[in-house]
Amino acid sequence: MQTQALQEIAAAPDGEALQAVKTRYVGKSGLVTKELGTLGKLPPEERKARGAEINAVRAALETALNEREAVLKQAALDAKLASEAIDVTLPGLPLPAGGLHPINRVYDDLTAIYERMGYAVIEGPEVEDEHHNFEALNVPWYHPARDLQDTFWLDDGRLLRTHTSPMQIRYMVAHEPALKVVVRGKVYRYEATDATHEAMFHQLEGLVVGDGISMTDLKGTIAEMARGLYGPTAKVRFQPSYYPFVEPGADFAVWWDNPRGESKWLELGGCGMIHPNVFKAVDDLREAEGRERVYEGKTGFAFGLGPERIAMLKYGIPDIRYFYANDPKVIGQFRGELG
Ligand code: DAH
């Protein structure tokens, strides 16, 4: 019986099976217990030896039961731990990386070029007043130039700036010449959208004021920008044009050896020599704030251009509306790269 019981104990696969073996042999009505119950029927001289023998079997079985129970408990614990284990060597889930918007990349290229030339880089308010957006820039209310720019008006009489040029005024009111500054930021026009027109877009505005600043300085500056963007063989072209806040005024275009074989003149923006009326308007504003009049008699130039045009060509984006539609198929192509 002991041999049989020890085999069953060793073979019990889990706690439940072991409990059944225990009950069968050493439980209240188990086989070993029953055997003890038969002692009374034995002749007295045999009882002691028989009793000792049965108790030895019982002790051996209990030892084996306890040992087997400990083994099964440990095995169950190991199995539970194994099922909860995490493989820390598995590769992780990739986190989607962000990236700079193509317009910001072009802005960063442009501002790096101007910072090398010693310009300050600023932004300014998108909600403007009529005076800074038009009047002070030599665009009186009756001037036909107002028709060139369709404006988003706010209920309080202010407007969304139609260009970054009003920051020329704000910067000159706050700073004395000589100065060199570029302004980056959003502008707004109330107009129908198509592949090359958006109601919201961006501009980079430049302003240089000092003594004896000439059109030569302006042309050299634009040429330096073109070479910074497109390399040493880039060329610039100036054509006479009209903007109320400059005289003379010009439009400028850039030519470079396009690696895709699409070399052509890229019309980039407008520029010119600061109109004396602008300097006068700035001095009037300064005087109203108790500051010195320091601009009349100075010379300077300004320019304004659209980074969208540069980005469309640089990245082969055929429609300006793609920039702001937030379609991950477009913007997702600029993930993970920061330049
Ligand atoms: N503000 C003009 C526009 O939005 C662009 C421009 C032209 C800016 C000539 C200038 C400039 O500073 O001198 O169309």
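Atoms within a ligand are numbered from 1 in the order they appear, just like the ligands themselves.
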Taking 4.0 angstrom as the limit and counting only heavy atoms of Val246, give me the atoms of ligand 1 inside it, by number and element.
13 (O)

Side chain, backbone, both or neither: which applies to Arg161 and ligand 1 if a contact is any heavy-atom pair less than 4.0 Å apart?
neither

Considering only heavy atoms of Gly270, which atoms of ligand 1 have at least one such atom less than 4.0 Å away?
7 (C), 9 (C), 11 (C)

Where is the tightest heavy-atom contact between Pro307 and Leu204, given as atom of each residue plus distance?
CD-N, 4.2 Å

Under 6.0 Å between ring centres: does that hold for His163 and Phe245?
yes

Measure the distances from the heavy atoms of His275 to every atom of ligand 1 and state whether one is below 4.0 angstrom.
no

Min heavy-atom dist Phe301 to ligand 1 below 4.0 Å:
no

Test your reading of the structure: does Gly206 have an N or O sitting under 3.5 Å from an N or O of ligand 1?
no

Atoms of ligand 1 under 4.0 Å from any heavy atom of Ala302, numbered from 1 in the order shown, are 12 (O), 13 (O)

What residues, two or more places apart in sequence or in another chain, satisfy ring-ring contact (aromatic ring centres under 6.0 Å, His included) together with Trp265?
Trp255

His131: partners by ring-ring contact (aromatic ring centres under 6.0 Å, His included), with sequence neighbours left out
none

Gln203, any N or O under 3.5 Å of ligand 1 N or O
yes

Roughly how far apart are Tyr322 OH and Ile317 CD1, rounded to 0.5 Å?
9.5 Å

Positive for ring-ring contact (aromatic ring centres under 6.0 Å, His included) with Phe303, one of Tyr114, Phe238, Tyr243
Tyr114

At what distance, to the nearest 0.5 angstrom, does OG1 of Thr196 lie from CD of Glu308?
11.5 Å

Take atom CD in Glu84; do more than 12 heavy atoms of anything else shown fall under 6.0 Å from it?
yes

Numbering the atoms of ligand 1 from 1, which are under 4.0 Å from a heavy atom of Gly272?
13 (O)

Contact between Cys271 and ligand 1, counting heavy atoms under 4.0 Å?
yes

Looking only at heavy atoms, which two atoms of Thr299 and Ile213 are closest? And how far apart?
OG1-N, 2.8 Å

Where ligand 1 meets Ser165 - atom numbers and elements under 4.0 angstrom, heavy-atom basis
1 (N), 8 (C)

Interfacing atoms of ligand 1 (cut-off 4.0 Å, heavy-atom, Gln168):
12 (O)

Atoms of ligand 1, numbered as shown, that sit under 4.0 Å from any heavy atom of Arg189:
3 (C), 4 (O), 14 (O)

